[in-house]
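Side chains are part of it too, since the values below use all heavy atoms of this structure and drop only hydrogens, waters and symmetry mates.
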Amino acid sequence: MFRRTARRSKPEPFWRGLIDRWKASGQSVAAFCAAHGVSQATFYAWRKRLAARARITARTAPAFAAVRVVPDATAEVILPTGLIVRVSIGTDPVAVARLVAAFGGGAC
């Protein structure tokens, strides 16, 4: 007759901590697992599972940056063709004149 043996399942925080300690140890997985009494196969399985969760979390977590909208004074030049050129007030007038001339606005 077969006896059932209860699996000793350790929670995720245990494995996160263990994997972090392994990374800091500089040991091979085999040596680390032997020293801590855990199965290499289970160690590798948890390492893979936690890495996959980290990738999913990194992919789904939106990154936000603080944005401050500053009104910028602009000037509009409406060309005879109906084209509107908007430039910042501080833009070099010579560059604006060249731009307007390039779009067929005639001499400025």
N/O donor-acceptor pairs under 3.5 Å from side chains in residues 32-43, not counting sequence neighbours:
residue	atom	partner	partner atom	Å
His36	ND1	Phe32	O	3.0
Ser39	OG	Ala41	N	3.2
Ser39	OG	Thr42	N	3.3
Ser39	OG	Thr42	OG1	3.4

Taking only residues at least two apart or on different chains, which pairs with a member in residues 27-51 satisfy salt bridge (charged side-chain N to carboxylate O under 4.0 Å, His left out)?
->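 Qualifying pairs: none.
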
Could you tabulate the donor-acceptor pairs under 3.5 Å formed by side-chain atoms of residues 84-95, not counting sequence neighbours?
residue	atom	partner	partner atom	Å
Arg86	NE	Glu76	OE2	2.8
Arg86	NH2	Glu76	OE2	3.3
Ser88	OG	Asp72	OD2	3.0
Thr91	OG1	Ser88	N	3.4
Thr91	OG1	Ser88	O	2.8
Asp92	OD1	Val94	N	3.4

Name each donor-acceptor pair under 3.5 Å that joins a side chain in residues 16-24 to protein atoms two or more places apart or in another chain, with its distance.
residue	atom	partner	partner atom	Å
Arg16	NE	Glu12	OE2	3.1
Arg16	NH2	Glu12	OE2	2.6
Trp22	NE1	Gln27	O	3.0

